[in-house]
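Working notes for the structure below.
Naming convention: chains lettered A, B, ... in sequence-line order (proteins, then strands); numbering from 1 in each chain.
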Protein chains: 2
Amino acid sequence: MNTTEPTTPEELEAILARADAAATAWAQVPAADRAAALRGVADALDAAASDLLPVAAEESHLLPGRLAGELTRTTFQLRLFAEMLDDGGYLDARIDHADDAWPMGARPDIRRVLEPLGPVLNFAASNFPFAFSVAGGDTCAALAAGCSVIVKVHSGHPRLSALVGRVAAGALDAFGAPAGLLQLVFGTQAGREALLDPRVKAGSFTGSIPGGRALFDLAVSRPEPIPFYGELGSVNPTFVTKAAAAARGPRIVDEFIGSYTLGAGQFCTKPGILLVPAASGMVDALASSDRPAPARLLNDRIQSGYVEVLQGLLAHDAVAPLGSTDGSLDAPPAPTLVATTAEALLADPDGLVTECFGPTALVATYRDEDELLAVARVIDGQLTATIHGEDDDAIAPELIRLLARKAGRVLWNQWPTGVSVTYAQQHGGPYPATTAPTSTSVGTASIGRFLRPVAYQGLPAHLLPGALQDANPLGVPQRVNGALAD
Amino acid sequence: MNTTEPTTPEELEAILARADAAATAWAQVPAADRAAALRGVADALDAAASDLLPVAAEESHLLPGRLAGELTRTTFQLRLFAEMLDDGGYLDARIDHADDAWPMGARPDIRRVLEPLGPVLNFAASNFPFAFSVAGGDTCAALAAGCSVIVKVHSGHPRLSALVGRVAAGALDAFGAPAGLLQLVFGTQAGREALLDPRVKAGSFTGSIPGGRALFDLAVSRPEPIPFYGELGSVNPTFVTKAAAAARGPRIVDEFIGSYTLGAGQFCTKPGILLVPAASGMVDALASSDRPAPARLLNDRIQSGYVEVLQGLLAHDAVAPLGSTDGSLDAPPAPTLVATTAEALLADPDGLVTECFGPTALVATYRDEDELLAVARVIDGQLTATIHGEDDDAIAPELIRLLARKAGRVLWNQWPTGVSVTYAQQHGGPYPATTAPTSTSVGTASIGRFLRPVAYQGLPAHLLPGALQDANPLGVPQRVNGALAD
């Protein structure tokens with residue numbers, strides 16, 4: 001059997017039935033054992049690196065060093081989530097003892113904890129064949145939460161997906177996890193059918209705005225709508241203040257070239273728009289900057305989509321090339337810059353504030369810093385927004401405040417590419433950056449996507465989940481009568 | 001101007017513009033000042049009780065004692081949320097210091113905190129003219145979170161709504177809150193138009209399944225879909241084990257009668273289905289039980305809807321009256337019980353597991369306890385599920401586990417009506433109980449509905465929100481490098 005062929009309806013039914021049974025079983029596995037299984041998956045993937053990396057490079061055209069780093073990130077993430085399971089704070093365990101003196105009337109004994117949602121369907125991304133794919137972020141978060149996972153494989157790296165799936169599922173088996181805890185489906189139709197199946201209780205996705213919106217619309221159209229965590233599109237605007245341009249314009253230019261061309265510009269956090277002072281000399285420096293050599297894009301569909309968006313930008317009345325455009329539309333494409341003004345951008349945000357997935361960015365010149373505030377007001381939801389400024393920049397507080405309303409992450413004198421997996425990371429943002437602005441797809445808080453609260457009222461201790469018992473046998477943080485217990 | 005007339009398009013536009021401006025201003029008001037304003041609203045409502053209660057009784061037909069208790073609950077809730085604002089734990093403040101030794105690669109300084117979503121549109125409920133209305137749960141949570149609020153008034157208590165709106169807005173004004181922080185709209189059309197307005201960033205609703213689903217569908221159909229927290233329908237099944245029936249059947253019958261007829265059965269947590277052993281004598285006790293006198297329902301629409309659902313149940317082949325049905329279909333209706341079997345319920349869950357909003361409950365007899373587990377497996381999502389059992393009941397662990405997958409709150413030897421506002425309360429559950437199983441509408445955790453995370457990367461201390469500064473000037477709980485700080 002060729003395991004990358006489209007999943008048939010019969011196969012899909014079996015996969016869904018196994019996922020449902022596995023979710024029931026896995027939800028009852030103690031967190032410490034789930035943590036051990038996640039570590040087992042990480043170890044197995046690390047051990048299989050020499051098998052996985054060449055296939056990843058062949059299918060994605062990404063550079064070996066980048067892919068090795070991405071695999072490291074992926075296995076680190078599994079281990080970090082295992083640590084979080086050991087800690088138990090993610091359960092948000094709350095215990096309210098019965099209290100006859102409660103001011104609104106006698107209070108019963110109520111205890112609340114977060115429990116797994118059920119089977120999760122994860123649509124893998126094209127641009128992170130490890131970190132947002134079979135064993136990537138949402139899979140890790142869902143398994144940690146106690147959910148089973150079905151991954152809809154991305155058509156850009158099917159063989160790698162099958163290989164990672166075998167390694168990861170094998171490691172889960174070795175730790176005694178239920179059969180069918182992590183399964184794959186191939187093909188658009190099978191993915192859509194799985195999303196509509198009542199056994200699936202949450203969906204996640206990373207990709208384009210049209211693709212993500214179509215799946216979101218399906219998820220919310222179900223007889224039982226389900227949470228759908230779609231990460232769609234972001235231009236990640238970057239604002240350079242006059243003071244910063246004066247203090248270190250050339251350095252900002254160099255770093256910007258590095259960031260927008262990283263991975264051939266195929267990151268959802270690529271700084272796609274750079275706002276610079278018109279009179280700063282930064283425009284000339286950008287026009288004459290050295291740019292990296294052309295690099296092959298992920299696949300033909302990405303290449304043709306990139307060319308289409310770039311052609312649209314170049315055809316815009318208010319847009320001109322910035323420096324050479326030789327080879328801009330070739331495959332592989334030469335990194336490209338195009339220029340406009342903040343005034344034009346404010347006049348036509350729909351036409352100019354558009355994600356161009358690949359090695360192109362739009363440089364917009366502004367005359368006075370009020371235009372920066374105006375741009376911050378007009379942009380749609382973003383994954384990130386970046387400011388390069390000086391500590392005493394008068395515009396900084398208001399610009400930060402405006403951008404925090406639009407973006408999931410606000411950066412200061414750094415670059416948005418290279419998303420670190422940490423406790424405080426936030427990778428998300430208002431629509432169209434995501435369909436779920438209240439959640440994150442990166443960092444330990446992402447486990448919250450796949451959990452729902454359950455309260456238990458009046459249960460005797462022996463029937464309560466361990467995390468809610470007064471004796472606290474699992475040693476998890478508990479909020480008792482409103483205050484964190486020691 | 002008669003303030004309960006349908007809001008005109010021109011008025012609505014002004015309301016939305018004010019709500020947008022108020023959200024921007026209120027989000028910057030320190031939490032301590034927001035807390036003071038909430039306490040001010042509570043004090044003002046308490047002081048106005050003698051004006052409010054007669055209007056509430058006249059419009060809702062609820063009993064004075066019940067309404068007074070509901071107002072107490074409402075003002076207590078405002079004060080409890082003020083307390084939570086003072087504590088600051090709800091911010092989930094996370095600080096990751098830069099760390100060059102971070103295993104996946106050098107980590108930047110990242111800090112994450114929860115911030116307000118923006119203007120919230122709250123559709124008030126019919127059955128809680130105070131606690132789920134103008135100054136009720138979602139309003140309190142949204143104001144506490146730092147959002148502005150527009151309440152779509154329920155047509156069942158327009159004059160009370162206008163009165164509460166004036167008292168609450170007046171108190172907010174007195175505390176220097178921005179104009180338009182809490183506003184009302186009247187009429188179905190204005191509510192729908194407000195929900196579709198891009199300035200509104202979240203919606204909430206308590207009511208029927210068709211009404212809630214229609215609004216949910218609108219909210220997710222917007223160009224920018226928004227979170228919609230709808231509480232729709234629940235039958236709140238109650239399972240009496242054989243051992244419990246044998247030990248204290250008569251007491252359970254008495255308590256059940258009290259719970260399902262409380263407030264004339266007009267609670268979303270009314271125990272609508274009671275499963276009892278066929279051979280226990282409980283059926284006879286239920287048939288011959290004393291029931292309270294008929295009480296007038298909230299309004300004519302509720303009355304006619306109630307009669308329609310009850311007639312449907314009585315016409316079902318597998319349903320028979322349990323005791324007298326004299327006056328069942330009258331206005332006001334006599335409290336009624338109807339009987340079926342667990343077997344019939346399992347054969348036709350769609351026909352029999354249906355919310356009947358008013359003083360009727362369905363008693364289903366079972367032969368063996370395996371049928372209880374089967375019912376637990378077949379029911380849809382619920383706000384609550386209740387077990388009356390003995391501590392050594394063999395069925396208890398499995399029944400609790402199954403019900404925790406279906407319900408937001410699982411009770412043991414208590415009754416689901418009378419929802420206490422506490423830190424650990426969970427009022428929500430899988431669809432159709434709610435459209436947002438990961439959230440709650442009651443208890444301090446409900447503030448999370450109206451917050452979204454924002455991460456700040458690399459910001460100097462003086463540009464960071466206070467909650468994220470190392471010096472912790474606000475004294476809020478901080479999770480630093482993954483661990484809760486002392």
Can you tell which part of [X] gets under 4.5 Å to a heavy atom of chain B, answering side chain, backbone, both or neither?
{"X": "A:Asn413", "value": "neither"}
{"X": "A:Ala407", "value": "backbone"}
{"X": "A:Phe216", "value": "side chain"}
{"X": "A:Thr435", "value": "neither"}
{"X": "A:Leu80", "value": "side chain"}

Quick one: what part of [X] sits under 4.5 Å from any heavy atom of chain A, side chain, backbone, both or neither?
{"X": "B:Arg111", "value": "backbone"}
{"X": "B:Gln414", "value": "side chain"}
{"X": "B:Gln28", "value": "side chain"}
{"X": "B:Asp380", "value": "neither"}
{"X": "B:Thr75", "value": "neither"}
{"X": "B:Pro432", "value": "neither"}
{"X": "B:Leu403", "value": "neither"}

Against chain A, work out which of [options] has the most heavy-atom pairs shorter than 4.5 Å and name it.
{"options": "B:Arg222, B:Gln77, B:Met84, B:Arg79", "value": "B:Arg222"}
{"options": "B:Leu117, B:Asn481, B:Asp217, B:Leu484", "value": "B:Asn481"}
{"options": "B:Pro108, B:Gly381, B:Pro227", "value": "B:Pro108"}

Would you say the side-chain atoms of [X] pair up with the backbone N or O of [Y], donor to acceptor, closer than 3.5 Å?
{"X": "A:His462", "Y": "B:Asp391", "result": "yes"}
{"X": "B:Arg405", "Y": "A:Pro116", "result": "no"}
{"X": "A:Arg213", "Y": "B:Pro223", "result": "yes"}

Measuring from [X]:[atom1] to [Y]:[atom2], what's the distance to the nearest 0.5 Å?
{"X": "A:Leu114", "Y": "B:Gln426", "atom1": "CG", "atom2": "CD", "answer": "9.0 Å"}
{"X": "B:Arg479", "Y": "A:Asp87", "atom1": "CZ", "atom2": "CG", "answer": "5.0 Å"}
{"X": "B:Asp109", "Y": "A:Trp412", "atom1": "CG", "atom2": "CH2", "answer": "14.0 Å"}

Give me the atom names and distance for the closest heavy-atom approach of [X] to [Y].
{"X": "A:Ala455", "Y": "B:Ala424", "result": "CB-O, 3.9 Å"}
{"X": "B:Gln425", "Y": "A:Ile110", "result": "NE2-CD1, 3.4 Å"}
{"X": "B:Arg452", "Y": "A:Pro430", "result": "NH2-CD, 3.5 Å"}
{"X": "A:Glu115", "Y": "B:Ala404", "result": "OE1-CB, 3.8 Å"}
{"X": "B:Met104", "Y": "A:Val419", "result": "CE-O, 3.8 Å"}
{"X": "B:Val410", "Y": "A:Leu459", "result": "O-CD1, 3.8 Å"}

Check whether any side-chain heavy atom of [X] sits under 4.5 Å from a side-chain heavy atom of [Y], and report yes or no.
{"X": "B:Arg401", "Y": "A:Thr24", "answer": "yes"}
{"X": "B:Leu451", "Y": "A:Thr438", "answer": "no"}
{"X": "A:Thr440", "Y": "B:Arg112", "answer": "yes"}
{"X": "A:Ile400", "Y": "B:Tyr456", "answer": "yes"}
{"X": "A:Arg107", "Y": "B:Tyr423", "answer": "yes"}

Out of [options], which one racks up the most heavy-atom pairs below 4.5 Å with chain B?
{"options": "A:Leu411, A:Asp99, A:Thr444", "value": "A:Leu411"}
{"options": "A:Gly105, A:Ala445, A:Gly428, A:Gly448", "value": "A:Ala445"}
{"options": "A:Gly458, A:Pro465, A:Pro453", "value": "A:Pro453"}
{"options": "A:Ser420, A:Gly482, A:Pro225", "value": "A:Pro225"}
{"options": "A:Ile95, A:Thr72, A:Leu463", "value": "A:Leu463"}

Original post:
So, do B:Trp102 and A:Phe76 have ring centers that fall under 6.0 Å from each other?
Top reply: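 For B:Trp102 and A:Phe76, the ring centres are under 6.0 Å apart.
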
